[in-house]
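Note that ligands are numbered from 1 as they come in the structure, with each ligand's atoms numbered from 1 the same way.
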Amino acid sequence: MRRGSSERELAARWEAEAAAEQVLVDAGAAGEPERGAGQEQPECPAGPQAQPRAAEDGGARVPPRPLPTLSPSQPKPAPERGPGPHGKPRSKGRSCKRSPGRRSDENGSPRPVTVDSSKAKTSLDALKISIRQLKWKEFPFGRRLPCDIYWHGVSFHDNDIFCGQVNKFPGMTEMVRKITLSRAVRIMQNLFPEEYNFYPRSWILPDEFQLFVAQVQMVKDGDPSWKPTFIVKPDGGCQGDGIYLIKDPSDIRLTGTLQSRPAVVQEYICKPLLVDKLKFDIRLYVLLKSLDPLEIYIAKDGLSRFCTEPYQEPSPKNLHHIFMHLTNYSLNTHSSNFVHSDSADTGSKRTFSSILCRLSSKGVDIKKVWSDIISLVIKTVIALTPELKVFYQSDIPTGRPGPTCFQILGFDILLTKNLKPILLEVNANPSMRIEHEHELSPGVFENVPSLVDEEVKVAVIRDTLRLMDPLKKKRENPNCKLSSSSLSMAAVDILYIDITRRWNSMTQDQRDSGMCLQAFVEAFFFLAQRKFKMMPLHEQVAALIDLCEYHLSLLDEKRLVCGRSGMAGGQPLYSGTPQETSPPSQPAGDIPPPRTNCANKLSHPRHTLS
Ligand code: ADP
């Protein structure tokens, strides 16, 4: 992990080294709770008007250049929610002892990581497979003692958690609602219009109706040949619910629902990239591993969801053809043209890598496409970060017991004909279902496994768990956090060697090997300045001393912790506190693309995260 590095470096992929091919005993699988078909649809933003339906859609939006400096506040040297005692629970909830290390049992085997899956809802099946592959221990009904990881299907508040890690950030669902995301992105568009031009121009209804009318008229006056189309999307909606296309602001259905259910109206992208003459979008999975420092990982593979009617540019005649214009799985699955396929590169739902593979065979620079997508993801998360921090502070105030958070987000992206990625929305709860409904006879459905979903989603969950392995953190950096903040450990090693050599060559007495005191002071000051920017030197040094003392105190804990080999590793796509990190500039051309090996995709379900 690095900060302040080029985007090329930042784009290092989320790559777990070992494919967990062995299917192992599910230690906690007995008595899995029954789930009825059609239960909660996690991809829906949980707004009051949200209309749950089938799997694979979801809800959100997105802008350019010197990257935003976000909160200027400097994190305290010692992580507020670092591993270690969390204190007592507030009122109800689980008692919280020391953050559990991987202690050995009586036989000397390392204790498996424990996962509470009792609130996992529709991600349960994929989660179970992932836990089995990792040889971790699942608690499907919860546990009296604390677990290492809590997997929630809907929100941070699904359960009262006071320690461990939970797979939701407070406030994320609110932040990616259509209106909130539009607002957050617009702030950035106003500051950095070039950098944030990947999000269609949008207006919030009913508040900005007059502005919408006036701005459209202004552009039309300047360019009478402009014949725009707009898409109206109710706030908090998902799966295409309530969406319609219009050619003119006067077509907006202002009466009735709009007052009670605000909406976003945005420019419709009329020239999307087509494959087999069909419009499609991309669902990419992004792990927000930490807010401070900001750490983002992006899955190497995602899903492409296809329309089921050949695309034509919008005209008054076809505006209502939802199977032509909306890529939502939940809508298109009702079309008689929908093709369920177990192959990754055919049918109405395919892997994104299969699309890239196809584009590559036609000479498209898919590295560029991929790096543009990475930029889009980073900038979008940056736009959301300030408010997310406010939510975080309010739910888990500094110094109070609370869990650490991570979250898998679903990014819905459209590629234009010119291969420019456009953000459609962000989903706080992307569907993790790995089955689809099959209609046996009219009105009679059964759930059947979907291999394409399983290939992509199990890899996403499994690698997320690997990255969040609480014991891996301790093993990697038992006494120094510098590698995960401003400098890599390799860079610290080089610094050590350089300064030591220089000082040793200056001093007469070279009996002592290692670093002399002066060299140590120089190195220490240098590190303090790198780590704690924007402070007077004495405060930087004091902060680094605090940090070192904190991590030294963890050494005691470390003695109780047994390391484990063979865990997943990876580098974040983006890591850094905003004030310490230069903005992601235009993507470097040599970022490795996602794996695009078209052959045998399904027979080799190796992890596919980047
Ligand atoms: P929902 O949350 O209801 O799925 P989306 O914002 O994802 O809402 O929009 C639904 C679908 O409409 C998308 O999957 C995409 O196919 C299409 N769509 C949305 N916004 C645009 C746009 N600005 N231009 C072109 N197509 C769009």
Give yes or no for whether the N/O distance cutoff of 3.5 Å, strictly under, is met between Glu267 and ligand 1.
yes

Is it the case that His152 and Asn429 place a side-chain donor and acceptor less than 3.5 Å from each other?
no

Applying a heavy-atom cut-off of 4.0 Å, say which part of Lys279 lies close to ligand 1: side chain, backbone, both or neither.
side chain

Does Lys349 make a cation-pi contact with Tyr329, if we ask for NZ or CZ under 6.0 Å from the ring centre and within 45° of the axis?
yes

State the atoms of ligand 1, each with its element, that fall below the 4.0 Å cut-off from a heavy-atom position in Pro200.
23 (N)

Are more than 12 heavy atoms, taken from residues, nucleotides or ligands other than Lys220, located less than 6.0 Å from that residue's NZ atom?
yes

Given Arg177 and Asp235, is the salt bridge (Lys or Arg N to Asp or Glu O under 4.0 Å) satisfied, shown in steps?
CA-CA 6 Å; Arg177 282 174 72 102; Asp235 189 40; 3.1 Å; yes

Considering only heavy atoms of Leu424, which atoms of ligand 1 have at least one such atom less than 4.0 Å away?
13 (C), 15 (C), 19 (C), 20 (N), 21 (C), 22 (C), 27 (C)

If you count the atoms of ligand 1 from 1 in the order shown, which ones are under 4.0 Å from a heavy atom of His325?
16 (O), 17 (C)

Are any of the N or O atoms of Leu414 closer than 3.5 Å to those of ligand 1?
no

Is it the side chain (CB and beyond), the backbone, both or neither of Ile422 that lies under 4.0 Å from ligand 1, heavy atoms counted?
neither

State whether Phe352 and Arg283 meet the cation-pi test: NZ (Lys) or CZ (Arg) under 6.0 Å from the six-membered ring centroid, and within 45° of the perpendicular axis.
no

Which atoms of ligand 1 have any heavy atom of Ile243 under 4.0 Å away?
3 (O), 8 (O), 9 (O), 10 (C)

Got a sec, which residues hit side chain to side chain contact (heavy atoms under 4.5 Å, CB included) with Asp223, two or more places apart in sequence or on another chain?
Ser225, Trp226

Ile231: numbered ligand 1 atoms lying under 4.0 Å from its heavy atoms
12 (O), 18 (N), 19 (C), 20 (N), 21 (C), 22 (C), 23 (N), 27 (C)

Any nitrogen or oxygen of Gly240, main chain or side chain, under 3.5 Å from a nitrogen or oxygen of ligand 1?
yes

N/O of Lys178 under 3.5 Å from N/O of ligand 1, yes or no?
yes

Look at the aromatic rings of Phe280 and Phe306 and report parallel, tilted or perpendicular, splitting at 30° and 60°.
parallel

Should His436 and His340 be marked as a ring-ring contact (aromatic ring centres under 6.0 Å, His included) after you check the CA-CA gap, both sets of side-chain angles, and the distance that decides it?
CA-CA 9 Å; His436 63 81; His340 284 289; 3.7 Å; yes

Heavy atom under 4.0 Å from ligand 1: found in Ile269's side chain, backbone, both, or neither?
both

Per-atom filter on ligand 1: closer than 4.0 angstrom to a heavy atom of Asp281 are 14 (O)

Checking Phe209 now: which residues fulfil side chain to side chain contact (heavy atoms under 4.5 Å, CB included) with it, not counting sequence neighbours?
Leu205, Phe212, Val213, Ile252, Leu254

Considering the heavy atoms of Gly237, write down every atom of ligand 1 situated less than 4.0 Å from one of them.
2 (O)

Please confirm whether the ring centroid of His320 lies under 6.0 Å from the ring centroid of Tyr244.
no

With a heavy-atom distance limit of 4.0 Å, tell me whether Arg305 approaches ligand 1 through its side chain, its backbone, both, or neither.
neither

Please identify which atoms of ligand 1 are closer than 4.0 Å to at least one heavy atom of Lys233.
5 (P), 6 (O), 19 (C), 20 (N)

